[in-house]
Amino acid sequence: MLTLRLIKEETDRVVRGLEKKHFAGAKEAVELALEIDRKRRETQGRLDNLLSESKQFAAQIGKLMKQGLKDEAEAAKSEVAKKKEEIASLQAALKQYEEDLVKHLCTIPNIPNEDVPEGAGAEDNVVVKEGGVKPELGKDALPHWELAKKYNLIDFELGAKVTGAGFPFYIGKMARFQRALEAFFLEEARKNGYLEVQPPLVVNQASGYGTGQLPDKEGQMYHAEVDDLYLIPTAEVPVTNIFRDVILDEKDLPVKRCAYSACFRREAGAYGKDVRGLNRLHEFDKVEIVRIDTPEHSYDSLNEMLAHVEGLLQKLELPYRILRLCGGDMSFTSAICYDFEVWSAAQQRWLEVSSTSNFESYQANRLKCRYRRSSDKKIELCHTLNGSALALPRIVASLMENNQTPEGIRVPQALIPYCGFELLDDKNF
RNA sequence: GGAAAGUUGCCGGAGUGGUCGAACGGGCCGCACUCGAAAUGCGGUGACCGGGUAACUGGUCCGGGGGUUCGAAUCCCUCACUUUCCGCCA
């Protein structure tokens with residue numbers, strides 16, 4: 001959530017930012033936040049005075065009791081009893097204002113960085129770079145779901161039988177290939193200085209709130225109700241929550257973490273042709289990179305992350321493009337976001353494989369992830385960033401389609417050391 | 001899943017109703033001594049929310065939440081976690 005300080009000190013900039021993000025009722029939302037805060041502060045002032053007085057009374061009573069002056073003590077007791085009711089009601093009011101404020105702030109999205117292009121939707125995103133070579137496939141080129149069947153690499157029906165749609169089985173060489181991709185992505189991250197962690201795949205409610213999945217996207221997460229735990233939609237959730245309520249030292253920044261995890265998404269409301277095959281799954285594998293940094297350095301960090309992700313796509317020899325998302329298409333929490341898409345030759349469309357964002361202090365404020373500045377020992381909010389590096393299914397889909405040959409699917413050179421074969425086909429042994 | 005004991009500041013650890021934000025020890029920072037360092041001595045050492053340009057100042061925080069009381073780290077309830085024992089088990 002946005003800091004109250006920002007809303008107070010730079011009200012106009014916040015309103016303009018929200019408008020750029022096509023957030024309806026920006027001005028009203030900001031004014032309401034300021035109004036709740038004003039009431040909150042006023043209430044606290046009154047409460048603090050009353051508490052201060054009754055503390056003095058209590059200390060007085062203690063002394064009187066020690067001196068054995070029972071009557072005086074009793075008189076003081078009844079005096080302080082009168083204040084109790086007002087204290088209770090002010091405390092309740094204060095608590096309510098605080099809750100209202102947080103609740104309201106959580107409904108206000110992050111404001112975009114000034115580099116974010118204007119625009120309402122996906123059509124306004126800006127292609128900042130294109131790389132790689134789109135393959136020329138013959139007329140008989142197959143989409144990946146056909147290839148999967150042809151070589152018995154992925155069984156969607158079996159997944160549907162055992163679990164449900166969107167939970168495929170990966171078979172034989174494809175299972176090994178996915179394992180190779182995970183190892184490749186993790187190894188590349190390690191080479192770039194990310195510390196690998198293997199996180200829990202389920203998290204508690206507090207973590208869901210910390211990274212903003214809750215309460216808004218509650219319907220997108222699988223919920224294990226008996227224990228009130230949520231299946232993670234991305235490793236971002238457990239990995240970023242490591243730093244919830246943590247005060248870091250500036251000298252330890254940037255913190256760089258990477259994690260491989262399965263990701264679970266209900267994808268409620270997503271239907272149609274875009275969901276075929278590997279295009280959209282309920283469970284998939286992903287390597288995530290996360291960074292915590294100072295405000296001064298976070299955009300350098302972002303650039304390093306972008307270069308890292310781009311390097312992966314180049315090593316996989318995939319045709320790709322990088323989009324800078326426009327204000328209207330960005331996620332709720334990001335200040336700037338770059339999408340990486342790979343070309344899926346048989347489907348003749350771009351598939352998103354990574355979303356790399358700087359959340360600035362928006363997420364850190366919710367998490368209470370802070371750092372102590374070396375220069376003046378002041379405590380400030382960190383900036384948080386994350387990106388997929390990378391999500392497997394669409395990479396797999398694109399590799400299958402782009403690299404199909406009459407003999408099988410050609411494995412990119414960079415992956416051969418990891419999987420131990422050069423061709424994806426049904427010859428398993 | 002059953003039983004017991006715990007959860008206090010950066011760390012260890014006291015504290016069972018009345019100047020306790022918290023003894024004591026360690027760490028860390030500053031100062032003194034020293035050519036420098038060690039050792040020693042002295043002083044300091046939290047977060048959060050208010051008020052104030054500031055110095056400073058009011059409030060909250062002893063695992064989380066709730067309760068008893070004029071007053072709670074201290075008593076009660078509840079939840080979470082930790083440790084040990086039993087059960088189960090990859």
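The sequence lines fix the lettering, A, B, ..., with proteins before strands; numbering per chain opens at 1.
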(message) Nearest 0.5 Å, please: how far is CD in A:Glu360 from CG in A:Leu302?
(response) 10.0 Å

(request) Using whole Å, report how far CZ of A:Arg366 lies from P of B:C48. (result) 19 Å

(message) Whether A:Glu187 and A:Arg190 form a salt bridge (side-chain N of Lys/Arg under 4.0 Å from carboxylate O of Asp/Glu) is what I want to check.
(response) yes

(message) What is the distance, to the nearest angstrom, from the NZ atom on A:Lys378 to the P atom on B:G46?
(response) 15 Å

(message) Under 4.0 Å from OP1 or OP2 of B:C49: is there any side-chain N or O of A:Arg40 that close?
(response) no

(message) Does B:C48 have its OP1 or OP2 closer than 4.0 Å to a side-chain nitrogen or oxygen of A:Arg370?
(response) yes

(message) Taking any heavy-atom pair under 4.0 Å as a contact, classify A:Arg46: base, sugar-phosphate, or nothing.
(response) nothing

N/O to N/O distances under 3.5 Å, protein versus nucleotides 78-82 of chain B:
none

(message) Show me, range against range, the stems involving RNA chain B, built from at least 3 consecutive Watson-Crick or G-U pairs below 3.5 Å.
(response) B:1-7 with B:80-86, B:10-12 with B:24-26, B:27-32 with B:40-45, B:46-51 with B:56-61, B:63-67 with B:75-79

(request) Select one nucleotide: of B:U69, B:G50, B:A47, the one nearest the side-chain heavy atoms of A:Lys84. (result) B:U69

(message) Just the rounded figure in Å: distance from P of B:C49 to CD of A:Gln91.
(response) 18 Å

(message) Rounded to whole Å, please give me the gap between CD in A:Glu380 and P in B:C48.
(response) 10 Å

(message) If the condition is side chain to side chain contact (heavy atoms under 4.5 Å, CB included), which residues does A:Arg244 pass it with, not counting sequence neighbours?
(response) A:Asn204, A:Ala206, A:Ser207, A:Asn241, A:Leu367

Between N or O atoms, less than 3.5 Å apart, protein on one side and nucleotides 15-18 of chain B on the other: list the pairs.
{"from": "B:G18", "atom 1": "N2", "to": "A:Ala58", "atom 2": "O", "distance (Å)": "2.9"}

(request) Take the protein atom NZ of A:Lys251 and the nucleotide atom P of B:C28, then report the distance between them rounded to whole Å. (result) 13 Å

(message) Can you list everything that forms a side chain to side chain contact (heavy atoms under 4.5 Å, CB included) with A:Leu34? Sequence neighbours excluded, please.
(response) A:Ile7, A:Lys8, A:Thr11, A:Val30

(message) Closer than 4.0 angstrom, basic N to acidic O: yes or no for A:Glu42 and A:Lys39?
(response) no

(message) So that I know where these two stand, are A:His383 and A:Tyr299 an aromatic pair - ring centroids less than 6.0 Å apart?
(response) no

(message) Using a 4.0 Å heavy-atom cut-off to protein, can you give one letter per nucleotide of nucleotides 58-65 of chain B, 5' to 3': B if the base is in contact, S if only the sugar-phosphate is, - if neither?
(response) BSS-----

(message) Check A:Lys173 with A:Asp425, please: is the shortest side-chain N to carboxylate O separation under 4.0 Å?
(response) yes

(request) Using atom CD1 of A:Ile87 as one end and atom C1' of B:G71 as the other, report the distance to the nearest whole Å. (result) 12 Å

(message) For A:Asp100, is there an ion pair with A:Lys103 - N to carboxylate O distance below 4.0 angstrom?
(response) no

